[in-house]
Amino acid sequence: MRKSISKFGGVLAVPAVLAAIVAAGPSSARAPYTEEELQQQMDSLVESVSLGYDLWHGSKPEMTTNGLACGNCHPDTAASNPQTFPKYMPMFGKVVPFRDMVNWCIETPQLGQALDVNSPEMTAMEAYAFKLHRGLPIEPGLASRQTSSIPVESGKGFPHVPTGLGVDK
Amino acid sequence: MSEIENKGRRDFLSIAGKAGLTTLVAQAVGINLGVVDVVRAQTGKRGVEPFRFAIISDAHLYSFDNHKFDQQLIDAVNKVNNMTPKPDFVLFGGDVAQNGTEDQLAKGKEILSKLEMPMKIIPGEHDWYLDMGAAWRGLFGDETWSFDHKGVHFIGMNSILVNDFWTEPGLTDLERMTVMEMLESPIPGPWGVHDKQLEWLAQDVRDLAPDTPVVIFTHSPLWDYYPRWNFQTSDAPEIREILSKFDNVMSYHGHVHQTLYNRIGNMSSVAALSTSWPWPYPPVALAYPETQMNRADPSIATDGQGVQVIDLSGEFEGIVQYKPFEDSLTPFMQDGFKV
Ligand SMILES: [Fe+2]
Ligand SMILES: [Fe+2]
């Protein structure tokens, strides 16, 4: 990484100021992440995905007043197509990010209370959906197909004990 | 791919080509136009007297009063009651309830009792795993049955049986139900009809002649569609083997909440729409892609849902017509298709 930067600095005529920054870069950059740090990052991600999994399956009663959870209609987050956002949605009449559509489905089919778009919970909703759609080409604009393929094998899935008890006893 | 598609189109689009079916098609078209009294086909060579039956499936009723799914099931019942001619009887394809509670099952029974014709019913996974079918059996009776109607042998079976995953980890009844309620749950594994029902089936059809027309009704499809969501029945190969002696078998099922058709050997297989919500098509190619319905619009609570009616001819050929609540069928599907 560092090597290639200084090499480009030499080959391309980089303006003096930028060259100075590039040259100064290596000495002020932090050391590469250790295995331990990378593990911590992954653990945080897994924690968020895991929270997302629970939320998609009804763990937060405020998100529904009729008992429905995202998982009722979007098993494995199917047909939520996160990789196609931002895109035009007819119900908004404009281009919207994924999280707006998450809130729309909370408020409309579930008659629930929208999530704060900047909350860790909304991030978790995205973390789980993006995790299941990893590897798919990002194509903002249109969802030409109803369902995008989901990279999970039969009988497996994100390993986690479901807590989605719903609110309907 | 295009070869499959072409084969599908040929099979489907030859509806009018078959002499025996012309009357039936005329009848179906007549129904659409509101013409009531049309020429009925003569009793067929196998003794089948033409008739129609309807399917309602997957109501997923919640315990809340006046839940939208209550009204959607009521709409389905009204739709079937208003068909002309009326179906001789109705099959209900399982998942009356969402959480398997007795109040939900009883609410379903109450709404379905408004049907003006007899009903036969089989269980879905949402009906069963709170009390292992106790309430369901108390309300609806046996889950394994057969009867003969106008020359056709009808069979119903419980296809949602799984091996015990709850005793060892000590799950409560509610936890067991919760695991089963989740379509993509990795815990229960593939379900099926299991040995006792296989033996019953073999016995039930033992003395029937190969040219007997047979309709088999289960909650899950009798083929391997998408096992991850239990869009399958693990012992379907054994069922198909037992029924392989027959010239023609029709399998109707619920659970997938979408329009779907397949044909394996002598068995054609047709899915029911749900009255509660539509499911996305899983990420696998369909053998007959033209049977895929349009994307549901989430702004319309009843889009992608409905009931279906099947007209059987004297030759034991069927016209399947999906009757969606909204206009969600592709042009190909709109007039029904032959099975
Ligand atoms: Fe269902
Ligand atoms: Fe089901």
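Side-chain atoms are counted along with the backbone in the values below, which use heavy atoms only and exclude waters and symmetry mates. The sequence lines fix the lettering, A, B, ..., with proteins before strands; numbering per chain opens at 1.
- For the pair His67(B) and Asn66(A), the tightest heavy-atom approach, listed with the atom from each and the gap, is NE2-O, 2.7 Å.
- In this structure, Thr108(A) and Pro298(B) approach most closely via the heavy-atom pair CG2-O, 4.5 Å.
- Interface residue Leu68(A): backbone and side-chain heavy atoms are both found under 4.5 Å from chain B.
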Test log, rule side-chain contact (heavy atoms from CB on, under 4.5 Å), inputs Trp229(B) and Asp76(A):
CA-CA 9 Å; Trp229(B) 296 348; Asp76(A) 286 324; 2.8 Å; yes
Could you please spell out the steps behind the side-chain contact (heavy atoms from CB on, under 4.5 Å) verdict for Gln98(B) and Asn72(A)?
CA-CA 10 Å; Gln98(B) 170 67 13; Asn72(A) 282 52; 3.9 Å; yes
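- Residues Cys73(A) and Pro280(B) share a closest heavy-atom pair of O-CD, 3.3 Å.
- No more than 12 heavy-atom neighbours from other residues, nucleotides or ligands sit within 6.0 angstrom of CD on Glu47(A).
- By number of non-hydrogen pairs under 4.5 angstrom with chain A, the leading residue of Ala301(B), Ser299(B), Pro278(B) is Ser299(B).
- Within a 6.0 Å sphere centred on CD of Glu102(B), heavy atoms belonging to other residues, nucleotides or ligands number 12 at most.
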Test side-chain contact (heavy atoms from CB on, under 4.5 Å) on His57(A) and Glu184(B); report intermediate values, then the result.
CA-CA 10 Å; His57(A) 293 99; Glu184(B) 71 273 42; 2.7 Å; yes
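- Judged by distance alone, the side chain of Trp279(B) and the main-chain N or O of His74(A) form no donor-acceptor pair under 3.5 Å.
- Within a 6.0 Å radius of CD in Gln41(A), more than 12 heavy atoms belonging to other residues, nucleotides or ligands are found.
- Residue Gln71(B) qualifies as enclosed at atom CD: its count of foreign heavy atoms under 6.0 Å is above 12.
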